[in-house]
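For reference, the structure is listed below as structure tokens.
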Amino acid sequence: MTFEHANVRTSCKPWGSHDLRPWNRSGNPDAAIGELRFDRAETQALDPALLLKLLFTKQKLSIQVHPDDAFAQTMGLANGKTEAWYVLSAEDGAQVAIGLDRPLTQSQLRDAITDGSIADLVKWQPAEPGDVFFVPAGTIHAIGAGLVIAEIQQRSDTTFRLFDHGRSRELHVEQAVAVADLEPARADKMPVHLTVERMKLVSCAFFVLERIDLPPDANWELQAQRETWGLVTDGDATIGSMHAGIGDAFFAETDQAVIKVGRNGLTILLAYADSAPQPGLLRDLDDRKSDHAIRDLTLADISSRKPASVPLRSMEGHP
């Protein structure tokens with residue numbers, strides 16, 4: 001049984017920010033910080049299957065692609081990299097690129113990487129707070145400037161760059177061509193409410209990402225059956241033995257923790273290593289109601305709901 005207040009590591013990036021507030025106070029006047037990575041507090045534990053991090057972009061990131069498990073294993077790696085993004089904040093005009101804007105052949109993709117025209121062949125789209133984007137392995141993608149994004153991913157750093165905006169870093173032409181999906185990304189799928197408090201944002205073969213919204217001064221129990229990461233994005237609470245506010249993260253596995261919500265309510269991004277939403281994830285301690293009976297997600301009254309606080313432009317996929 002494990003419940004830990006996650007540690008955080010900063011990573012300097014040329015496209016990063018000097019001001020990480022309100023998510024973190026580790027701004028650096030001398031170096032731009034692009035990533036906050038959350039680690040288990042138990043340093044001797046095996047690496048978890050998932051990696052949670054925050055991205056801060058003041059410039060466009062490279063256009064890139066990640067391998068799937070099968071290709072990664074041919075390189076001697078344990079797994080590939082599928083990921084999902086949740087937009088925490090966005091400047092006016094901020095964009096992300098997901099997939100190509102038209103089908104290409106491998107030869108055309110190779111030429112586009114070589115001459116730089118790939119920058120004009122990816123599908124850029126607006127990104128606003130609350131937007132969710134699913135990026136399966138093999139999807140060519142990029143993150144634009146002016147964004148703070150929470151990312152959950154398979155634990156891998158394997159990245160093949162196709163275009164880097166003149167930063168002179170190495171490109172990985174042949175690897176990118178070998179793993180890239182040459183078709184445009186699949187159509188959007190909308191997040192769905194599982195219960196009043198739980199919204200499924202993404203589910204795939206490797207993880208489920210949910211947004212949890214709890215009312216002020218309430219008492220709940222979180223039951224983490226699988227490896228679970230949580231990030232507080234609004235409000236505050238005492239979660240287990242930790243007091244958590246905006247930007248705090250935790251790790252749990254085969255454990256439960258009481259959540260005592262503060263006077264401003266609580267919003268948590270919750271990601272766990274499963275392929276479908278977990279029944280019984282939350283239990284209301286105030287009136288003893290639980291969410292064991294997650295309703296059929298195909299029902300019209302569930303799948304058609306549109307919460308006012310979340311623009312529903314999710315790029316979600318299924319295995």
- [ ] Go through L162 and L109 one step at a time and tell me if the side-chain contact (heavy atoms from CB on, under 4.5 Å) criterion holds.
- [x] CA-CA 9 Å; L162 291 75; L109 177 59; 4.1 Å; yes
TODO: Please name all residues satisfying salt bridge (charged side-chain N to carboxylate O under 4.0 Å, His left out) with D248, sequence neighbours left out, ordered by chain then number.
DONE: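 Result, salt bridge (charged side-chain N to carboxylate O under 4.0 Å, His left out) vs D248: none returned.
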- [ ] Take Q59 and H165, measure what side-chain contact (heavy atoms from CB on, under 4.5 Å) needs, and give me the verdict at the end.
- [x] CA-CA 10 Å; Q59 303 174 26; H165 306 285; over 6 Å; no
Could you tell me whether a side-chain N or O of [X] sits under 3.5 Å from a main-chain N or O of [Y], the two making a donor and an acceptor?
{"X": "Q73", "Y": "A78", "value": "yes"}
{"X": "R37", "Y": "L52", "value": "no"}
{"X": "S62", "Y": "Q64", "value": "no"}
{"X": "D19", "Y": "R21", "value": "yes"}
{"X": "E151", "Y": "A84", "value": "no"}
{"X": "H66", "Y": "T158", "value": "yes"}
{"X": "T57", "Y": "L147", "value": "yes"}
{"X": "D131", "Y": "E128", "value": "yes"}

Shortest non-hydrogen contact from [X] toward [Y]:
{"X": "R155", "Y": "N79", "value": "O-ND2, 3.3 Å"}
{"X": "L182", "Y": "T105", "value": "CD1-C, 3.9 Å"}
{"X": "A137", "Y": "P67", "value": "CB-O, 3.4 Å"}
{"X": "A97", "Y": "W85", "value": "O-CH2, 4.4 Å"}
{"X": "E227", "Y": "F251", "value": "CG-CE1, 3.4 Å"}
{"X": "A273", "Y": "R226", "value": "O-NH1, 3.4 Å"}

Distance check, rounded to the nearest 0.5 Å: [X] atom [atom1] versus [Y] atom [atom2]?
{"X": "L121", "Y": "I118", "atom1": "CG", "atom2": "CD1", "value": "5.0 Å"}
{"X": "D236", "Y": "L266", "atom1": "CG", "atom2": "CG", "value": "7.5 Å"}
{"X": "I33", "Y": "N24", "atom1": "CD1", "atom2": "CG", "value": "7.0 Å"}
{"X": "T82", "Y": "D68", "atom1": "OG1", "atom2": "CG", "value": "8.0 Å"}
{"X": "L222", "Y": "I259", "atom1": "CG", "atom2": "CD1", "value": "5.0 Å"}
{"X": "F250", "Y": "T2", "atom1": "CZ", "atom2": "OG1", "value": "13.5 Å"}

Task: R169 CZ: over 12 foreign heavy atoms closer than 6.0 Å - done: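 Enclosed.
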Task: D92, CG: over 12 other non-hydrogen atoms inside 6.0 angstrom - done: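 No, not enclosed.
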Quick one: does [X]'s side chain get under 4.5 Å of [Y]'s, heavy atoms only?
{"X": "V208", "Y": "V202", "result": "no"}
{"X": "I98", "Y": "V122", "result": "no"}
{"X": "C12", "Y": "E35", "result": "no"}
{"X": "L20", "Y": "R25", "result": "no"}
{"X": "I152", "Y": "L51", "result": "no"}
{"X": "K81", "Y": "T159", "result": "yes"}
{"X": "F206", "Y": "Q153", "result": "no"}
{"X": "R283", "Y": "Q256", "result": "no"}

Quick one about [Y] and [X] (side-chain donor to acceptor, distance below 3.5 Å, no hydrogens or angles considered), yes or no?
{"X": "Q95", "Y": "W124", "result": "no"}
{"X": "S117", "Y": "D115", "result": "yes"}
{"X": "Q106", "Y": "Q108", "result": "no"}
{"X": "Y272", "Y": "E210", "result": "yes"}

Open item on the list: Set out, in order, the CA-CA distance, both residues' side-chain angles and the distance that settles side-chain hydrogen bond (donor to acceptor under 3.5 Å, both in side chains) for Q154 and S156, then state yes or no.
Closed with: CA-CA 6 Å; Q154 288 180 276; S156 170; over 6 Å; no
Salt bridge or not for [X] and [Y], using N-O below 4.0 Å?
{"X": "E42", "Y": "R40", "result": "no"}
{"X": "R110", "Y": "E174", "result": "yes"}
{"X": "R9", "Y": "D39", "result": "yes"}
{"X": "K58", "Y": "E91", "result": "yes"}

Open item on the list: Walk me through whether T139 and D181 qualify under side-chain hydrogen bond (donor to acceptor under 3.5 Å, both in side chains).
Closed with: CA-CA 6 Å; T139 304; D181 185 346; 5.3 Å; no
TODO: With side-chain contact (heavy atoms from CB on, under 4.5 Å) as the test, would you mind laying out the steps for T233 and W23 before giving the verdict?
DONE: CA-CA 8 Å; T233 63; W23 309 102; 4.3 Å; yes
Under 4.5 Å between side-chain heavy atoms, counting indirect links through other Ile/Leu/Val/Met/Phe/Trp/Tyr residues: same cluster for [X] and [Y] or not?
{"X": "V261", "Y": "L281", "answer": "yes"}
{"X": "L36", "Y": "L209", "answer": "yes"}
{"X": "V135", "Y": "V65", "answer": "no"}
{"X": "V132", "Y": "L50", "answer": "yes"}

Open item on the list: Below 30° counts as parallel, above 60° as perpendicular, anything between as tilted: where do the rings of F160 and H172 land?
Closed with: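 Tilted: the ring planes of F160 and H172 meet at 30° to 60°.
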Task: Chi angles and distances behind the side-chain contact (heavy atoms from CB on, under 4.5 Å) call for L201, M199 - done: CA-CA 6 Å; L201 304 176; M199 182 187 292; 3.7 Å; yes
Task: Quiz item: cation-pi between K260 and W220, 6.0 Å / 45° - done: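 Judged by the rule, K260 and W220 form no cation-pi pair.
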